[in-house]
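Take a look at the structure set out below.
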Amino acid sequence: MPVLGLGTWLSKPEEVKDAVRNAIDVGYRLIDTAACYGNEAEIGKVLKEYFEEGKLKREDIFITTKLWCTHLHPNEIEAELRDSLKKLQLDYVDLYLVHMPTAFSSDMSAQDHSVKVEDTWKGMEEAYKKGLARSIGVSNFSADQIHRIQKIASVPIHNNQVELHLYFPQFELQEVCNQYNISLTAYAPLGSPGRVNFNLVNWEKSPNPLENDVVLKLAQKYHKTPAQILLRHLIQRKIAVIPKSINASRIKENFEVFDFSLTVEEINELNSVPRGKRLFKQEFLIGHPEDPMKDER
């Protein structure tokens with residue numbers, strides 16, 4: 001899996017096509033989407049276009065998508081993945097993630113407490129064994145849920161994707177992932193400045209990592225942008241990053257992080273920045289037995 005990819009949450013169908021084209025042209029080889037983003041079909045059209053024109057081979061690009069929480073019963077997973085594959089116009093995805101550990105009714109109107117994470121994982125293993133996904137993993141799962149799955153898994157968790165940024169560094173969770181050789185992906189690696197456009201949530205005011213004094217100092221030293229410092233920091237922590245953008249110049253800027261390195265002292269200084277709060281509190285999960293954030297509430 002490449003360490004840097006394009007995130008596509010909140011990228012509208014008409015915007016995501018240009019974003020994916022710009023990303024591939026700049027050199028991105030990881031595109032991250034999800035069933036619930038509603039843009040898999042548009043991403044699939046761009047991939048088909050690039051494959052047919054000979055600009056890209058299937059094996060040269062890494063596609064991640066995710067299973068939404070309305071279909072976490074093990075017998076529903078294969079059909080959901082096949083639906084995503086149809087939209088993406090692919091025979092397999094490189095990584096398939098369980099988007100949330102909490103099951104809901106098909107219309108999201110009610111929590112479904114009958115499905116445990118272990119049950120869902122058994123369905124994920126079946127999809128993997130059929131070759132529909134080259135690797136499988138989880139997203140927004142707690143350390144405890146990872147331990148529980150690993151105890152019963154015949155196919156271990158390959159990747160864990162979580163909110164992770166300067167003010168929410170997830171050091172303890174990274175240790176758990178390292179223990180099981182699970183790769184870690186950071187969503188919102190820049191602190192998700194665009195989250196305010198998702199107005200179904202009343203977002204709390206929180207400090208912006210792009211404006212942090214240590215980040216600004218390092219940006220000046222290396223003649224880089226604050227975003228590039230933040231991405232480089234996480235990459236050097238051995239974490240994959242998937243910054244979201246539809247802006248061509250920012251997509252290019254976010255990729256230009258491989259021509260410099262931060263020193264060990266600078267990494268430690270960034271690691272020592274006072275921690276803030278989780279941005280994505282996922283309050284619709286409150287009351288669910290599999291709420292991964294219940295210990296923080």
Side-chain angles (χ1 to χ4, degrees), residues 1 32-37 40 62-85 88 90-106 108 110-164 170 172-187 239-240 242 280 282 284-295:
M1 183 177 77
D32 180 276
T33 184
C36 79
Y37 297 173
E40 289 173 314
F62 194 102
I63 305 297
T64 301
T65 195
K66 310 178 194 83
L67 170 75
W68 189 231
C69 44
T70 48
H71 294 84
L72 296 194
H73 285 265
N75 61 355
E76 299 175 318
I77 294 173
E78 182 182 334
E80 275 300 290
L81 176 48
R82 287 190 185 277
D83 187 53
S84 286
L85 290 173
L88 289 163
L90 299 174
D91 296 326
Y92 66 89
V93 288
D94 298 276
L95 175 60
Y96 196 43
L97 300 175
V98 185
H99 206 145
M100 298 270 177
T102 46
F104 279 76
S105 60
S106 58
M108 287 295 290
Q111 294 183 353
D112 178 353
H113 295 180
S114 70
V115 189
K116 294 182 173 158
V117 293
E118 293 93 337
D119 304 327
T120 299
W121 192 251
K122 288 299 173 192
M124 292 291 285
E125 289 176 335
E126 289 309 306
Y128 171 79
K129 287 169 184 171
K130 288 182 178 175
L132 302 176
R134 294 278 170 96
S135 54
I136 50 176
V138 297
S139 182
N140 300 299
F141 278 48
S142 68
D144 175 63
Q145 288 167 329
I146 289 170
H147 288 308
R148 283 166 52 200
I149 287 173
Q150 293 294 88
K151 274 182 191 163
I152 59 94
S154 62
V155 179
I157 298 169
H158 297 131
N159 178 262
N160 182 22
Q161 184 180 127
V162 292
E163 175 186 341
L164 195 157
Q170 298 270 30
E172 297 83 359
L173 189 63
Q174 187 173 17
E175 280 181 27
V176 172
C177 290
N178 289 344
Q179 177 189 333
Y180 292 118
N181 199 26
I182 298 169
S183 62
L184 189 57
T185 301
Y187 72 74
I239 295 163
I242 45 168
F280 293 82
Q282 319 287 12
F284 70 103
L285 308 183
I286 291 173
H288 200 295
E290 292 289 8
D291 176 4
M293 297 151 204
K294 58 188 169 193
D295 293 344

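Basis for what follows: all heavy atoms, side chains included, without hydrogens, waters or symmetry-related copies.
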Taking all atoms of both residues into account, what is the closest heavy-atom pair of [X] and [Y], and its distance?
X	Y	answer
Ser139	Gln161	OG-O, 2.9 Å
Leu132	Arg82	CD2-NH1, 3.7 Å
Ser142	Pro292	CB-O, 3.6 Å
His113	Gly287	CE1-O, 3.6 Å
Leu85	Tyr92	CD2-C, 3.4 Å
Pro101	Val117	CB-CG1, 3.6 Å

Is there a donor-acceptor pair closer than 3.5 Å between any side-chain N or O of [X] and the backbone N or O of [Y]?
X	Y	answer
Asn159	Ser183	yes
Trp121	Gln150	no
Thr185	Ala240	no
Thr102	Glu290	no
Asp94	Ile63	yes

Self-check item: Working for side-chain contact (heavy atoms from CB on, under 4.5 Å), residues Glu175 and Glu172
Solution: CA-CA 5 Å; Glu175 280 181 27; Glu172 297 83 359; 5.7 Å; no

Supply the atom-to-atom distance [X] [atom1] to [Y] [atom2], rounded to the nearest 0.5 angstrom.
X	Y	atom1	atom2	result
Leu97	Met124	CG	CE	6.5 Å
Phe141	Asn160	CZ	CG	8.5 Å
Leu184	Gln170	CG	CD	7.5 Å
Leu164	Leu173	CG	CG	8.0 Å
Asp112	His288	CG	NE2	6.0 Å
Asn181	Ile157	CG	CD1	12.0 Å

Quiz prompt | Pairs satisfying salt bridge (Lys or Arg N to Asp or Glu O under 4.0 Å), at least one member in residues 124-143, at least two apart | solution = Glu78-Lys130, Lys122-Glu125

Quiz prompt | Verdict with reasoning, Tyr37 to His99, per side-chain contact (heavy atoms from CB on, under 4.5 Å) | solution = CA-CA 11 Å; Tyr37 297 173; His99 206 145; 3.7 Å; yes

Practice problem: Decide whether Glu40 and Ser84 meet the rule of one side-chain donor and one side-chain acceptor closer than 3.5 Å. | Solution: yes

Exercise. For the pair Tyr128 and His158, name the ring-plane relationship: parallel under 30°, tilted 30 to 60°, perpendicular over 60°.
Key: tilted

Practice problem: Mind telling me whether Phe104 and Phe284 have parallel, tilted or perpendicular rings, with 30° and 60° as the class edges? | Solution: tilted

Exercise. Please lay out, stage by stage, how Phe280 and Met293 fare under the test side-chain contact (heavy atoms from CB on, under 4.5 Å).
Key: CA-CA 10 Å; Phe280 293 82; Met293 297 151 204; over 6 Å; no

Quiz prompt | Trace of the side-chain contact (heavy atoms from CB on, under 4.5 Å) decision for Met108 with Trp68 | solution = CA-CA 10 Å; Met108 287 295 290; Trp68 189 231; 3.6 Å; yes

Quiz prompt | For His147, ring-ring contact (aromatic ring centres under 6.0 Å, His included) partners two or more places apart | solution = Tyr180

Self-check item: side chain to side chain contact (heavy atoms under 4.5 Å, CB included) partner of Ile149, chosen from Thr120, Val138, Val98
Solution: Val138

